[in-house]
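See below for the structure under consideration.
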Amino acid sequence: MLTTGPRGTRDVLPGESGFWQYVEAVARDTCRRFAYREIRTPIFEHTELFLRGIGETTDIVEKEMYTFCDRGNRSLTLRPENTAAVVRSFLEHKLYSEPMPVKLYYIGPMFRYDRPQAGRYRQFHQFGIEAIGAKGPAIDAEVIVLAEEFLHTLGLRDLDLKINTVGCPACRPQYRQALREYLAGKLEHLCQDCRTRYERNPLRVLDCKEEQCSRQITDAPKVVDHLCRDCAEHFAGLQELLTAAGVKYELAPRLVRGLDYYTNTAFEIQYPPLGAQSAVCGGGRYDGLIEECGGVPTPGIGFAIGLERVILALEKQNLLPASDLAVDVFFAPLGAAALPAAFRLLTRLRAAGLVCEMDFLGRSLKGQLKHAARCQAKYVAILGENELTAGKILLRDMRTGEQRLVDLLEGENSLLAEVRA
Ligand code: AMP
């Protein structure tokens, strides 16, 4: 127990953290270029927020939340996603008084009691954006283009963007009815969960991952054939803008989000080689959510991208950056007398921006050189008694093996010049 982390969690080890910093930096830069600003909300919220904001009939709320009572007997939940929390913060801090749309992004851990496997964890990380306050299809297109731009900047290829519309509260009841009628004769072939979904939320049957259910819905009626005029125009407008931006997409009539506050656009980006966990990005419009959370009706759209899956995809395509371990100067003071002079110079060079390392274990010169090689040091600065008396430092170029005596007094400048050359 003490030497194993909880099931479904992962440590990002020093060898991997550079990948995460890289991916996060690309996410931040992409958001900067699209004028989205970062929001950081707490990792736990009142449970009630997720019951409302995600929906009581969803798998997340029914089966996957980490909910606990704190010492003051409040029910709190580790956030399983972040849209509800962003909306809560938007309302709490009256961000609606800013010019609309309010464009926000976040990066951070989410928690779901999922069945762990490759690409699926109980603590995982999402990069997500939310654009609140604009109704037309242009913002939908921007949100999708941002997701694509992020993934393409990382160099990822072979991604499939799938889009659909789920209509709105005006046209969905009619579609729901058509779907119910279609499913009525097939109930015995559906999985247990889908029989319940049929009663409570039949759209979610379309989304079921069980093969027995996918077989039954091949000829199911499509939402696009039951849209009201506004929704049809919205969807057509989105497609026109995606085409204008040069984004390739596929129509996916069975891509749905089952709850009433999800409206119009739904989309997903998949990387098929990730198999069962191929969804890298999921997003959609939620024009009813802000009202559901207690605000005045305000439209919104967003996405969330799973960063573990992005890193798995980068690994598969050999796109992870090389490790940045390399040290500019490794200091090898020989003997206690040399240490303060070496430490002084090391401190100054670090302050000037060089990556410096030294021996902390009192190794022999041979041991220090070996250690310097392991640190991929470009130079080793050797400071022994002779050098100290002469006011010099012996600088060894680790690539060529060449050694030169450099004036210790001017060491800082000459080392800087040497390493930067
Ligand atoms: P969702 O919030 O369910 O729409 O998920 C958005 C994205 O988050 C998915 O496309 C995945 O990339 C990622 N994701 C969701 N659940 C998990 C999980 N349990 N482990 C890792 N990534 C996840």
Should the pair [X]-[Y] be classified as a salt bridge under the 4.0 Å nitrogen-to-oxygen rule?
X    : Y    : result
R254 : D207 : no
R115 : E64  : no
E62  : R200 : yes
E45  : R88  : yes
D225 : K222 : no
D193 : K63  : yes
R204 : D59  : yes
R120 : E308 : no

What I want to check is whether the side chains of [X] and [Y] have a donor and an acceptor closer together than 3.5 Å.
X    : Y    : value
T165 : T265 : no
Q126 : E81  : no
E130 : Y105 : no
E142 : Y36  : yes
Y271 : Q317 : yes

Quick one: pull up [atom1] in [X] and [atom2] in [Y] and give me the separation to the nearest 0.5 Å.
X    : Y    : atom1 : atom2 : value
L206 : L179 : CG    : CG    : 5.0 Å
L383 : I393 : CG    : CD1   : 4.5 Å
F111 : T77  : CZ    : OG1   : 12.0 Å
L255 : K162 : CG    : NZ    : 8.5 Å
T57  : N201 : OG1   : CG    : 4.5 Å
I60  : M110 : CD1   : CE    : 10.5 Å

Exceeds 12 heavy-atom contacts within 6.0 angstrom, atom [atom1] of [X]:
X    : atom1 : value
Q403 : CD    : yes
R52  : CZ    : no
Q212 : CD    : yes
R350 : CZ    : yes
F44  : CZ    : no
H93  : NE2   : yes
Y113 : OH    : no
E211 : CD    : no

*asked:* Looking at Y262, I'd like to know if the NZ or CZ of R285 sits under 6.0 Å from its six-membered ring centre while staying within 45 degrees of the ring's axis.
replied: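 Output no; distance or angle outside limits.
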
*So is R396 actually on top of Y379's ring, under 6.0 Å and inside 45° of the axis?*
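No, R396 does not lie over the aromatic ring of Y379.
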
Do the non-hydrogen side-chain atoms of [X] and [Y] ever get within less than 4.5 Å of each other?
X    : Y    : answer
I129 : L104 : no
C191 : C208 : yes
F34  : E149 : yes
L154 : V310 : yes
P333 : Q368 : yes
E16  : R10  : yes
F50  : T67  : no
H152 : V247 : no

_Working note: D328 + E357, criterion side chain to side chain contact (heavy atoms under 4.5 Å, CB included); need CA distance, chi angles, decisive distance, verdict._
CA-CA 8 Å; D328 293 317; E357 182 56 293; over 6 Å; no

Whether the side chain of [X] engages the backbone of [Y] through a donor-acceptor N/O pair (distance < 3.5 Å, no angle test) should be reported.
X    : Y    : result
N264 : F235 : no
S89  : A85  : no
D397 : G401 : no
D160 : Q270 : no
D359 : L361 : yes
D70  : G72  : yes
S278 : L274 : no
R172 : V166 : yes
R195 : L190 : yes
T30  : R28  : no

*After noting the C-alpha distance and the side-chain angles of E98 and R37, does the key distance pass the salt bridge (Lys or Arg N to Asp or Glu O under 4.0 Å) rule?*
CA-CA 13 Å; E98 295 184 4; R37 294 169 304 153; 2.8 Å; yes

*asked:* Quick one, L91 with C293, criterion side chain to side chain contact (heavy atoms under 4.5 Å, CB included). Give me CA distance, side-chain angles, the key distance, then yes/no.
replied: CA-CA 9 Å; L91 294 172; C293 293; 4.1 Å; yes

Of all heavy-atom pairs between [X] and [Y], which one has the smallest distance, and what is that distance?
X    : Y    : value
L242 : V145 : CD2-CG2, 4.3 Å
T298 : G133 : CG2-CA, 3.9 Å
F267 : C281 : CE1-SG, 3.9 Å

*asked:* Working note: R40 + E38, criterion salt bridge (Lys or Arg N to Asp or Glu O under 4.0 Å); need CA distance, chi angles, decisive distance, verdict.
replied: CA-CA 7 Å; R40 300 188 188 197; E38 186 179 15; 3.1 Å; yes

*How about Y106 and F127: are their ring centroids closer than 6.0 Å?*
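Ring centroids of Y106 and F127 are no less than 6.0 Å from each other.
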
_Aromatic contact, F343 with F331 (centres under 6.0 Å)_ =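 No, the ring centres sit 6.0 Å or more apart.
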
*After noting the C-alpha distance and the side-chain angles of I132 and Y286, does the key distance pass the side chain to side chain contact (heavy atoms under 4.5 Å, CB included) rule?*
CA-CA 9 Å; I132 303 176; Y286 45 81; 4.0 Å; yes

*Test F68 against L78 for side chain to side chain contact (heavy atoms under 4.5 Å, CB included), laying out the working first.*
CA-CA 9 Å; F68 59 97; L78 297 183; 4.1 Å; yes

*With salt bridge (Lys or Arg N to Asp or Glu O under 4.0 Å) as the test, would you mind laying out the steps for D114 and R122 before giving the verdict?*
CA-CA 6 Å; D114 240 331; R122 289 183 175 169; over 6 Å; no

